[in-house]
Each structure stands twice: as structure tokens, then as C-alpha cells.
Number of protein chains: 2
Amino acid sequence: MVPAMTDKSRYHHGDLRHALLQAGLSLLEEQGLDGLSLRAVAARAGVSHAGPAHHFATLKHLLTALAAIAFERFVAAMDDARGRAGPDPRSQLAATGDGYVTFATANPQLFRLMFSATRLDWSDAHLQETARAARQQLADVCEPVAALRGIATPGGREQLQLLVWSVVHGYAHLLLSGQLHDASCATRAPPRPDLESLLFGPP
Amino acid sequence: MVPAMTDKSRYHHGDLRHALLQAGLSLLEEQGLDGLSLRAVAARAGVSHAGPAHHFATLKHLLTALAAIAFERFVAAMDDARGRAGPDPRSQLAATGDGYVTFATANPQLFRLMFSATRLDWSDAHLQETARAARQQLADVCEPVAALRGIATPGGREQLQLLVWSVVHGYAHLLLSGQLHDASCATRAPPRPDLESLLFGPP
DNA sequence: CATTAATCTTGACAACGACAAGATGAGGAT
DNA sequence: ATCCTCATCTTGTCGTTGTCAAGATTAATG
């Protein structure tokens, strides 16, 4: 049985792992990835600086768990966007790509964490699975488009997936790195690449 | 006059700023971006831990200067690739995009540094200028392609530039973050998006 | 040659990740 | 009910880091 959460003065937290993840997510939003330290997470969760050690041996383990959560939300966001779009293949693909970019701009810190290669442990099974689900989400909406365009070979489909993924990922990353906010696009909002006209030609 | 470089036992270094940048570049290659500390750079340059302070007030300043150097090499690499290609617009664009990706894979640490938004000071004039030159490099090779495809409006050209930039940047970033090395592309080398067939249609 | 200012060193501090050793108490065994 | 076991959390410490302050050294200037 889980101890009463109202009792603040107890030695064992009761659900520290979950509390650490929540603290990590909120700190990530507020302070960014660089301001997220094990000690800060521990403090926000109300435990001592070495409290997390038993649940997350190292900072990389905590970040990996957070990244897996981020990938889950990422997939859910793309799924939502796809569900709100029309049933035709091009609408489905465009909506998913839009969901990709929209998630990145709405959750820049989560997105940055998800693709910060050196900070994560990619041998972790949960992270691998959630990241694979995100890839699959894009592949799923690419399939009908490939069929529509008469792309039959596996290599052709792979090319299409890679192209779509590269475009949305590159655009999202350029947005987050601030490369589209200066000089050329000073006043107005940065333009957005049009996936539909890219894949189906200008109307 | 620059003091003799052979005299090892002297208080003033003589060209510490340059030595720090060189030490930073070599450390970046060997240890990666995370292993690059001010103290390590100072040690490699042969000065005390607070030696860099006068030339680079903070770590962000040093990284910014290194990123500017990286952008210069980046532009030179794309320029080289473009020079070795045929004169027709599509070859020029394909070669430049190829140079973009090739530089990223050949200098992953430099590339990572260039686009690590939070670690750099983007108000720095030198960094802004070198990054602008890199953007211009892509815009230059996009222009003839836009003309060839009958794209006349500024918005259309901007769309093309943004598309090309997103594709090459996204692909480079996916490569560096290791997203293309697992599961689906286990054994063989990861595929490469074909800029030419993308922009000019399959032959 | 004397003064000034730039340059580098030494020393210190707070924050960090990580480790070790001990305190606490929850849950099962008896 | 009592004891035991072990997961859980705390306290203390170490080495490293970025940054600041104060002093030492020397180049440059007049």
C-alpha cells in the first residue's frame, strides 16, 4: 500500500521515481536542458541531493527516461494532428508533418532533449521503443502517398520516408536553433515548407 | 613584435588567443563538445586555468569564436564541392547539398557546435556574419534552379531555399544524432535523400 | 628610465555528478 | 507480535567545473 501522501515528514517518499520525472519535466520547461541538474530535480521532488541515485543511477539515466516520455507525447501529438485531418493520403501526411513541427515549437525543450544524442543512453529499451514508434508514425502516413505516386520498390519508399523525415526534422531544428529568426526573416514570421506542394507538385 | 616562440619560460604567451582557439578545435575533435572545458583548453594551451579570461570572458565566448571558425570551414567545404561539380544549376545545387552533409559527417563536433543554440552567443557579429555566409551559399545555388523551374515570386524562391536547407540540415542532423543507424538500417549504410530527383522529378 | 596598462597566475567559491557509509522503515518470515 | 532483510533515503565527501578577485609580471608608451 502506498503511504499517505499528506504526511510530509516521512523518510520514504513512496513514489519518488514518478515525482522525479515530474520534477524533471517541469524543470525542463522552466530552466531548459542546461538548467536541469540531478540536484535541482532532487530538491524539487523534496529529497536530498543523492536521493535520485537509487532510481536513476546517473543523470544520463534520468534524461533517458524523460526523453522516452517526450517521445510518447510526440507520437500522441502527431496522432492527434493526423486524426483531425481528412482521410486522403496527402492530408494525412501533411497533418502529421505539421504535428511534428508544431510539437517541436510548442515543446522546444522536450524536442531538444529527444535529439540530444550524447546526453541519452540509446541502449535503453524504452527509449528505443518510443523513438521507433515515432519513426513508424511517419512511415505509416508515407505509405499511402507512396502507393498514390506509384512508388513500388522498397528503396523508393525508404527514399520518400527519409525525405519527409529530413524536411520536417530539419525545419523544426532550424526553427529551434534560431536560424530562421534573423536577417532575412526579421519582421514577419518565418515561412513554412509546404509538404503537399513538395510531394504532389504545385497546383 | 611578437616575442620568440622558442622561449618556453615566459610569463606572457604572446599569441594566447590563437593558441586557445587551436586547443579548443583539437579538444573538440578528440573529446567532443561535452569534454571541452575552459580549464582543459587553458591546460592544452599551456596557461593556468584562468588564463583565457582576458581573451574569452566566458566559455560561451570561446565556443562562439570556435563556431565562427567552424562556419568559415563549412562555407569553404561547400564552396569546394560546388567548384568540383558541373556548371549546370542542378549539379551545382546537388554538389552544395552534398558538401553540406559531407561536412557534417566529416566534422560532427564542429557541426554540432555550430547549431547548439543555447551554448552560443548569437549577438556576436562575427558569428552572425559567418552563419549568414553559409546561408547565402545555399541561396546562391538555389537561385538558378528557381529560374530553371520558372519560380519567379520571392515567396517561391524562399520556399525553395527553405526546402533545400531543411532537407540537407535535417538529414545531417538525423545522421549525427544516430537516428539512422538502428533497427531499419542495421547492416547497410543509411540511404541518402536525392536532392536532384526531389527537385526535378524522377528521370 | 618610469609609468601605465595589458596579460597571466594564484586563490577562492558555489554548483555539479558521483561515490561511500550510515539511518530509516516497509514488508515478509517466523 | 517480533524480528529480519533489504529497498530506500540521508549525510558527508571528493574531484571537476565556470567565474570572480587580487596580485604578479611584463610589454608598451611617453
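Quick note on labels: first sequence line is chain A, next is B, and so on, each numbered from 1. Keep in mind that what you see is a predicted model, and the values were worked out from it rather than measured.
Computed from coordinates, the B/Leu63 CG to D/dT17 P distance equals 14 Å when rounded to whole Å. Protein atom NE2 of A/His18 is 16 Å distant from nucleotide atom P of D/dT8, rounded to whole Å. Between the P atom of C/dC8 and the CG atom of B/Leu16 lies a distance of 5 Å, rounded to the nearest Å. Taking atom CG of A/Asp15 as the reference point, atom P of D/dT8 lies 11 Å away to the nearest angstrom. Nucleotide D/dC20 holds its P atom 16 Å from the CZ atom of B/Phe56, rounded to whole Å.
A salt bridge is absent between A/Arg82 and A/Asp140; no separation between the charged side-chain nitrogens and carboxylate oxygens falls under 4.0 Å.
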With the sugar-phosphate defined as primed atoms, P, OP1 and OP2, and the base as all remaining atoms, what B/S/- string results for nucleotides 11-18 of chain C, 5' to 3', for protein heavy atoms under 4.0 Å? BB---BBB

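Side-chain N/O atoms of A/His55 include one lying less than 4.0 angstrom from OP1 or OP2 on D/dC9. Between B/His54 and C/dT7, a side-chain N or O to OP1/OP2 separation shorter than 4.0 Å is present.
Under the 3.5 Å distance criterion, with hydrogens and angles disregarded, no donor-acceptor pair is assigned to the side chains of B/Asp194 and A/Gln159.
Summarising the geometry, atom CG belonging to A/Leu59 is positioned 9.0 Å from atom CG belonging to A/Leu66; distances are rounded to the nearest 0.5 Å.
Between B/Phe71 and B/Phe115, the gap from one ring centroid to the other is short of 6.0 Å.
Judged purely by atom type and a 3.5 angstrom limit, B/Gln128 uses its side chain to pair as donor or acceptor with the backbone of B/Trp122.
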Would you give me the side-chain donor-acceptor pairs under 3.5 Å for residues 163-170 of chain B, sequence neighbours excluded?
from	atom 1	to	atom 2	distance (Å)
B/Trp165	NE1	B/Tyr100	OH	3.1
B/Ser166	OG	B/Leu162	O	2.8
B/His169	ND1	B/Tyr100	OH	2.9
B/His169	NE2	A/His173	ND1	2.8

